[in-house]
Amino acid sequence: MNQPVSGFSKKSKAEKIEWLAENYLQNDPNSIQILKNYWNENASLQQLHDDFIENTLSNYYLPFAIAPNFLINGKLFALPMVTEESSVVAAASNAAKFWLERGGFKAEVISTEKNGQIHFNFYGNEKDIETFFEEVKPKLRKSIESIEKNMKARGGGLLELSLVDKSHILDGYFHIHATFETLDAMGANFINSCLEQMAQTFEEEAKHFEAFQKKGTYPEVVMSILSNYVPECLVLAEVSCNVEELSTKHYDGRQFAEKFIRAIDIAKTETRRAVTHNKGIMNGVDAVVLATGNDFRAVEAGVHAYAARNSYYGSLTHAKIEDAVFTFWIELPLAVGTVGGLTSLHPLTKLAFEILQKPNAKELMKIMAVAGLAQNFAAVRSLVTTGIQKGHMKMHLMNILNQLHASKKEKEDAMEYFKTTVVSHSSVVSFIKSSRIK
Ligand code: MEV
């Protein structure tokens, strides 16, 4: 039976691999070799990656691709995308090309406010906590002067502090809601540092507040942390064109637009569809979030909470026809950065920013929202016309061929054959089997 290990993080990389091999890989040299195959020959580059997290043994590759032809507010972009899903980049590129010929994407940042809370218990008199909060507020602000200095000099920093009484929902629960402008930084470290300092000052000052002293009841901080729910950090992206312009040789523009809107309405009504619909949006958003070294878990959590803001979970995109004009749009809460975190550390992330022509955070928000809208357009267009599997399986063909260890020649033949034949796992297996018998 495997034994627990102590001091693992202190071991060298070689010792860690040795321990892993002994305990979980039956000392299989092939398994160890897999880890080593992904080491980078460039020692300083490898060290940089080793240092991102603890206990690094190897690197985990994901493809880094670009989707060209994104016309956003009149400027052309090639979007760097990191994803494992075969059809995502192809779908994004198709949608970009489609809308390039119809005026491109328009995007606009609506707001950029981030927030965090100091959560605390208070079981005393409501009036006392309100009075204390008003008294302590300037001291809280003062206590973060040194943390805020640089951010303030650039035009950001703490915006507002307010007291929120939630004791009617959870006995004794209050919080201080703090709002921030963090400019081009995602701001997690800045916000958390400010909150933790203010929480300490809050508790310290409470000890000297007479009304608390008299009753022997003091507020007690439970925790201080930013919120990844950022409905005041919103971006809007849209496309529009005359319904006739949606016509292709396969379908009529108006009929297509109406079916497309119906699909959006279904995603607004039915949670089971909405989750998949929004997952498709996040295929595009996350790929750019990852390529630019941003925190995809934070973005995901915030976006899905936003999708549920009206007490039910619904579509993040909307569509309408008005005066024969089809409009399709998305509204997304996105707290992302172009400075700080991995953004200036990971060489591919730095390159992604070069490719995007060095955007600031607001521009990046627009680009990500457009990536989500484009991805959703591509998915819903396929769903209401050909179905999703045709395009998806075409892109997945190479993965199946690789699973079957197809040779270069077999791959070429298969690519040719499946141009006109529906791809499925079994049809590819049959094709390879029969070509090997010949
Ligand atoms: C697959 O990754 C994403 C889709 O399921 C999205 C959708 O259904 O809208 C195709």
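What you see is a predicted model; the values in this text were computed from it and never measured. Counting starts at 1 for both ligands and their atoms, following the listed order.
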Which one holds for Ile388 and ligand 1: side chain close, backbone close, both close, or neither close, with close meaning a heavy atom under 4.0 Å?
side chain
For Lys279, the ligand 1 atoms with a heavy-atom partner under 4.0 Å come out as 1 (C), 2 (O)
Among Arg273, Gln375, Met282, which one has a heavy atom closest to atom 7 (C) of ligand 1?
Arg273
Could you check, using the six-membered ring where one of them is a Trp, whether Phe174 and His119 have ring centers closer than 6.0 angstrom?
no
Is atom CZ of Arg272 surrounded by more than 12 heavy atoms (other residues, nucleotides or ligands) closer than 6.0 Å?
no
With a 4.5 Å heavy-atom cut-off, do Val235 and Ile110 have their side chains touching?
no
Checking Asn376 against Thr317 for the side chain to side chain donor-acceptor pair (under 3.5 Å) test, could you report, in this order, the C-alpha distance in whole Å, the side-chain angles of both residues, the deciding distance, and whether it holds?
CA-CA 8 Å; Asn376 189 230; Thr317 50; 2.8 Å; yes
The answer for which part of Leu383 has a heavy atom under 4.0 Å from ligand 1 is side chain
Protein residue, atom and distance nearest to atom 1 (C) of ligand 1, heavy-atom basis:
Glu85 OE2, 3.4 Å
Backbone N/O of Ser240 and side chain of Trp329: donor-acceptor pair under 3.5 Å:
no
Under 4.0 Å from a heavy atom of His277: which atoms of ligand 1 are those, numbered in the order shown and with their elements?
9 (O)
Side-chain donor or acceptor of Asn69 paired with backbone N/O of Ser93 under 3.5 Å
no
Would you tell me which option among Asn278, Thr317, Thr276, Asn283 has the nearest heavy-atom contact to atom 3 (C) of ligand 1?
Asn283
